[in-house]
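Notes to accompany the following structure.
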Amino acid sequence: EVALASGSQVGDVIKLYDGTTVVGTVTLTANDINAGKVSFNLVNQTDGTHSYNATLSNNAGESAHTSVLTTIIDTSLPGAPTITPIVSPSSNTTPTLSGTAEAGATVTVVIDGNSVTVIADGSGNWTYPITTALAPGSHTVVVTQTDSAGNIGVASNSASFVVDITAPIATTFSPAD
């Protein structure tokens, strides 16, 4: 959105620039004047850094360019995050899960259908220490990631592991006669 300068009138023209390239033009209507702003639907903008500014043109000429708004467009989906292999079987009922994702991504960890979120660090590493003991048996983990632009990537491969807290059966050995 571009806020209108005081004194804007019906018929004035707002031009939106990306750098020095015009990417949108709007001729002001009474509704625009009443709203005090105009919106641009920018299509075909490529991923990357964009520096937007605007001018207003009327019978008196064209205004100076507004201050620059720099933004990053990111429409690329992040790849699938990874899960570090989990020791199985294990007697640990509260293992720490870990893996990799895009740096700073929000990682959704789904354990047996229950989800929690963690943030990947600056190197893309994530960890989730399970705090509620898992029941004995088989468990499955799947993770997804959402990048800083809000793009949700595909799910990781699932990882399964078994929690086994059954003590080993003691055996006795008797020498044969």
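These numbers were taken from a predicted model, which means no experiment stands behind them. We're numbering straight along the sequence, starting at 1.
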Checklist entry - Are Leu28 and Val10 close enough, and set up right, to give a side chain to side chain contact (heavy atoms under 4.5 Å, CB included), and what steps lead you there? => result CA-CA 5 Å; Leu28 297 181; Val10 172; 5.7 Å; no
Next on the checklist: Walk me through whether Tyr52 and Leu42 qualify under side chain to side chain contact (heavy atoms under 4.5 Å, CB included).
Outcome noted: CA-CA 11 Å; Tyr52 297 107; Leu42 301 177; 3.7 Å; yes
Checklist entry - After noting the C-alpha distance and the side-chain angles of Ile111 and Leu97, does the key distance pass the side chain to side chain contact (heavy atoms under 4.5 Å, CB included) rule? => result CA-CA 10 Å; Ile111 309 163; Leu97 306 176; 3.7 Å; yes
Item to check | side chain to side chain contact (heavy atoms under 4.5 Å, CB included) evaluation trace for Asp121 with Ser123 | outcome: CA-CA 5 Å; Asp121 67 19; Ser123 298; 3.5 Å; yes
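Here the side chains of Pro95 and Leu134 are in contact, with some heavy-atom distance below 4.5 Å. Using a 4.5 Å heavy-atom cutoff, the side chains of Ile14 and Leu4 are in contact. Using a 4.5 Å heavy-atom threshold, the side chains of Pro129 and Thr94 count as separate. Between Thr25 and Val13 there is a side-chain heavy-atom pair separated by less than 4.5 Å. A heavy-atom distance below 4.5 Å is not found between the side chains of Val143 and Tyr128. In this structure, the side chains of Thr55 and Tyr17 come closer than 4.5 Å at one or more pairs of heavy atoms.
A pairwise comparison of heavy atoms in Ser156 and Ala80 identifies CA-CB, 4.2 Å as the closest pair. Nearest approach of Asp164 to Pro89, heavy atoms of both residues: CB-CB, 4.3 Å. Residues Asn151 and Ser76 share a closest heavy-atom pair of ND2-O, 3.2 Å. Of all non-hydrogen atoms in Gly19 and Asn53, the two that sit nearest each other are O-ND2, 3.6 Å. In plain terms, the two heavy atoms of Val107 and Ala101 that are nearest each other are CG2-CB, 3.8 Å. Thr49 approaches Ile72 most closely through the heavy-atom pair OG1-CG1, 3.8 Å.
Between atom CG of residue Asp18 and atom CG of residue Leu69 there is a gap of 10.5 Å, rounded to the nearest 0.5 Å. Note: Thr21 OG1 to His50 NE2 = 11.0 Å, rounded to the nearest 0.5 Å. To the nearest 0.5 Å, atoms CG (Asn59) and CD (Gln9) are separated by 8.5 Å. Taking CG of Asn58 as the start and OG of Ser63 as the end, the distance is 8.5 Å to the nearest 0.5 Å. Atom CG in Asp12 sits 6.5 Å away from atom CD1 in Ile33 (nearest 0.5 Å). Atom NZ in Lys15 sits 10.0 Å away from atom OG1 in Thr27 (nearest 0.5 Å).
Applying the side-chain hydrogen bond (donor to acceptor under 3.5 Å, both in side chains) test between Ser98 and each of Thr82, Thr84, Thr127 identifies Thr84 as the sole match.
Formation of a donor-acceptor pair under 3.5 Å by the Ser88 side chain with backbone atoms of Val162 is found in this model. Remark: side-chain polar atoms of Thr66 are paired, donor with acceptor, to backbone N or O of Ala54 under 3.5 angstrom. Judged by distance alone, with hydrogens and angles left aside, the side-chain atoms of Gln145 form a donor-acceptor pair with the main-chain N or O of Glu102 at under 3.5 Å. A donor-acceptor pair is defined here as one N or O able to donate and one able to accept, closer than 3.5 Å; no such pair exists between the side chain of Ser158 and the backbone of Thr140.
In this structure Ser91 satisfies the side chain to side chain donor-acceptor pair (under 3.5 Å) test with no other residue, sequence neighbours excluded.
In the hydrophobic clustering of ILVMFWY residues, with side-chain heavy atoms under 4.5 Å counting as a link, Leu56 and Phe40 come out together. There is no path of hydrophobic side-chain contacts, each under 4.5 Å, that joins Val116 to Ile119. Both Ile165 and Ile130 belong to a common hydrophobic cluster when Ile, Leu, Val, Met, Phe, Trp and Tyr are linked at side-chain heavy-atom distances under 4.5 angstrom. Hydrophobic cluster membership differs between Val142 and Phe161, with clusters built from Ile, Leu, Val, Met, Phe, Trp and Tyr side chains linked at under 4.5 angstrom.
Crowding of Ile152 atom CD1: a count of heavy atoms from other residues, nucleotides or ligands under 6.0 Å not exceeding 12.
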